[in-house]
Amino acid sequence: MSVFDVLKERGYLQQMTHEDEIRQLLEKEKVTFYMGIDPTADSLTAGHCMALMVMSHMQQHGHRPIALLGGGTAMVGDPSGKTDMRRMLTKEMIAHNAACFKKQMERFLDFSDGKAIMANNADWLLDLNYVDFLRDIGAHFSVNRMLQAEAFKARLERGLTFLEFNYMIMQGYDFLELYRRYGCTLQVGGDEQWSNIIAGVELVRKIEAKPVFGMTFTLLTTSDGKKMGKTEKGALWLDPARTSPYDFYQYWRNVEDAKVAQSLALMTFLPMAEVKRLAALKDREINEAKKVLAFEVTKTVHGEAEATKAQDAAGALFGGAGAAADMPTAQVGRDLLGKPVIDALHAAGIIATKSEGRRLVDQGGLHLGDKKVTAYDEKLEADHFKDGSLLVRKGKKTYHKLTLS
RNA sequence: GGUGAGGUUCCCGAGCGGUCAAAGGGAACAGACUGUAAAUCUGUCGGCUCAGCCUUCGGAGGUUCGAAUCCUCCCCUCACCA
């Protein structure tokens, strides 16, 4: 089975510039392809996982991925997302972020022996000469045509700066550079990158007169249309210091029913037969599928040991067994014994404000071990702790382990 | 550069001298129902030493017993014109 069929069967593919040619290309040749990533943070997020999954499938079938960091384009800002203008990054920051990304990507991709490449478009964008660039590259872009792009339509109503307008041109130019440097002939990206991808494909075809291609993959969204992998508290990070493996696991464990099948196909490497079997589960049974999903995704990102820990912790907590090994831990000083529970939890950072604590108590959402806290002035006592730790539950799903220091 | 419209609590958005910690919606949080799902319903939703007090309505001043609301200057955004 070719990668093309794999990608198609799993439901990754959204749009392609030339479906038949791409299929043939992927079946007959070892293709060098790339995907752009904004280096604006020092960790990738679950949103990137989709992309990494695609790249991984491709690499497993012998193709060579290039992860292109948008170190240059990051200074301009992509108008096709809803995000506002992005801030400038220093070279040091980008280098740091790149190193962090690479570590995380190694879970998905094999970078040894040049089997995968990391590039940074700052390497060519920053030294461009404006006049030369306009003449050589700018001449190939039709403004009329660019204005057709879906990405700009929305922004045209609200205002679009010339700076952002150029993003597409720079993106297109990236493809040309990668074609020249690495013989890269295919660009992949999230579907919101479609217009940028076309721009690159057309540019290379015009200048080099060589057939290059582009394709986009589906965005994994919740049923109300939001991108998956974002929590209300922010992104779901791959960096365990930002999002603990436990929380990461829980995110996938709690995926809505309607998205389980798709998530399994897109976010795990499980064989499709197994995906289909799990996806067929209904009602209460579907929880089995969610456990598998959560475990598999966590395993890919954090490794099997962490995934197992997260799974055990979740099992212990929700299975009712009480204390578990791996969950967020907080400490309080012994001097807080005898002080109101709310004060102690505030000091430990489990609740942000004391008002929040009072609210939780009012609403009956705060538990120490299996006892509900019923009064504001309830005190934290030494005998709340068993073996030096105390399980604090906030609401139904948020658990913290509190220890004395 | 000119003209006009704006900047309100996480977001959108009312308020236009006291009854404003500030309508309404969204998000979020808690509770009920459940399957650690969705939907629905109820409640909460600036902080605190909590029947009271303190800090918020772009920034700095001013008028007033009293300002998010009026005046002055400044900063920023948007639209149209140049």
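Residue numbers start from 1 in every chain, and the chains themselves are labelled A, B, ... in the order their sequence lines are given, proteins ahead of strands.
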_Nearest whole Å is fine: how far is B/U34 P from A/E285 CD?_
19 Å
*Complement of B/G4, any strand, by Watson-Crick or G-U distances under 3.5 angstrom*: B/C78
_Between B/A30 (P) and A/Y376 (OH): distance, integer Å_ = 16 Å
*B/G6 to B/C70 separation - P atoms, rounded to the nearest Å*: 11 Å
_Residue whose nearest RNA chain B nucleotide is more 5′ - A/R253 or A/H346_ = A/R253
*Whole angstrom value for the distance that separates P of B/A37 from CD of A/Q250*: 10 Å
*Flag this pair as yes if the NZ/CZ of A/R205 is under 6.0 angstrom from the six-membered ring centre of A/F213 and inside a 45 degree cone about the axis; otherwise no.*
yes
*Take atom C1' in B/A82 and the same atom in B/U9, then report the distance between them in whole Å.*
39 Å
*Ignoring hydrogens and geometry, is there a side-chain-to-backbone donor-acceptor pair from A/R253 to A/A314 under 3.5 Å?*
no
*Salt bridge between A/R277 and A/E288, side-chain N to carboxylate O under 4.0 Å?*
no
*In whole angstrom, what separates A/Y249's OH from B/A37's P?*
14 Å
*asked:* Salt bridge check, A/E306 against A/K309: does any charged N sit closer than 4.0 Å to a carboxylate O?
replied: yes
_If you compare all heavy atoms of A/A149 against all heavy atoms of A/S195, which two are closest, and at what distance to 0.1 Å?_
CB-CB, 3.8 Å
_Nucleotide forming a Watson-Crick or wobble pair with B/A38, both distances under 3.5 Å_ = none
*A/K396, nearest nucleotide to its side chain (from B/G47, B/A38, B/G31)*: B/G31
*B/A37 C1' sits how many Å from A/Q262 CD, rounded?*
16 Å
*Rounded to whole angstroms, how far apart are CD1 on A/I351 and C1' on B/G47?*
13 Å
*Find the partner of B/C10: check Watson-Crick (N1-N3 plus N6-O4 or O6-N4) and G-U wobble (N1-O2, O6-N3) distances, both under 3.5 Å, and reply none if neither fits.*
B/G26
*asked:* Would A/K210 and A/Y179 count as a cation-pi pair here, with the cationic atom under 6.0 angstrom from the ring centre and within 45° of the axis?
replied: no
*Any strand is fair game: report the nucleotide pairing with B/C70 by Watson-Crick or G-U wobble, both distances under 3.5 Å, or none.*
B/G62
*Positions of residues 359-368 of chain A (non-hydrogen atom under 4.0 Å from RNA chain B), listed by number*: A/R359, A/L360, A/Q363, A/G364, A/G365
*At under 4.0 Å between heavy atoms, what does A/E356 touch on the DNA or RNA strands: base, sugar-phosphate, or nothing?*
nothing
*Is A/K290 salt-bridged to A/D257, cutoff N-O under 4.0 Å?*
yes
_Can you see if the side chain of A/K397 gets near the phosphate of B/U34 - specifically, an N or O under 4.0 Å from OP1 or OP2?_
no
*Taking atom C1' in both B/U44 and B/U49, what distance in whole Å separates the two?*
23 Å
*asked:* Show, in sequence, the C-alpha distance, side-chain angles and deciding distance for A/Y246 and A/Y399, and conclude whether the ring-ring contact (aromatic ring centres under 6.0 Å, His included) test is met.
replied: CA-CA 11 Å; A/Y246 174 77; A/Y399 292 89; 7.8 Å; no
*asked:* On a heavy-atom basis, which atom in A/W252 and which in A/S263 lie closest, and how many Å separate them?
replied: CZ3-OG, 4.4 Å
*asked:* What is the distance, to the nearest angstrom, from the CD atom on A/E256 to the C1' atom on B/U34?
replied: 16 Å
*Considering only the C1' atoms, how many Å lie between B/A22 and B/G15, rounded to the nearest integer?*
8 Å
*asked:* What's the gap between B/A30 and B/A23 when it is taken at their P atoms, as a whole Å value?
replied: 23 Å
*Distance between C1' atoms of B/C57 and B/G4 (Å, rounded)*: 23 Å
*Considering every strand shown, what is the Watson-Crick or G-U wobble mate of B/C16 when both distances are under 3.5 Å?*
none
*For A/S355, which contact category applies under a 4.0 Å heavy-atom criterion: base, sugar-phosphate, or nothing?*
base
*Name the nucleic acid region contacted by A/K394, choosing base, sugar-phosphate or nothing; use a 4.0 angstrom heavy-atom cut-off, strictly under.*
sugar-phosphate
_Contact nearer the 5' end of RNA chain B, comparing A/A352 with A/V255_ = A/V255
*Taking atom C1' in both B/A39 and B/C20, compute the distance separating them and give it to the nearest angstrom.*
36 Å
_Can you tell me the base-pairing partner of B/C53? Count Watson-Crick or G-U wobble geometry only, both distances below 3.5 Å, and say none if there is no partner._
B/G47
*What is the distance, rounded to the nearest whole Å, between atom NZ of A/K282 and atom P of B/A38?*
17 Å
*Does B/C33 have a Watson-Crick or wobble mate here (both distances under 3.5 Å), and if so which one?*
none
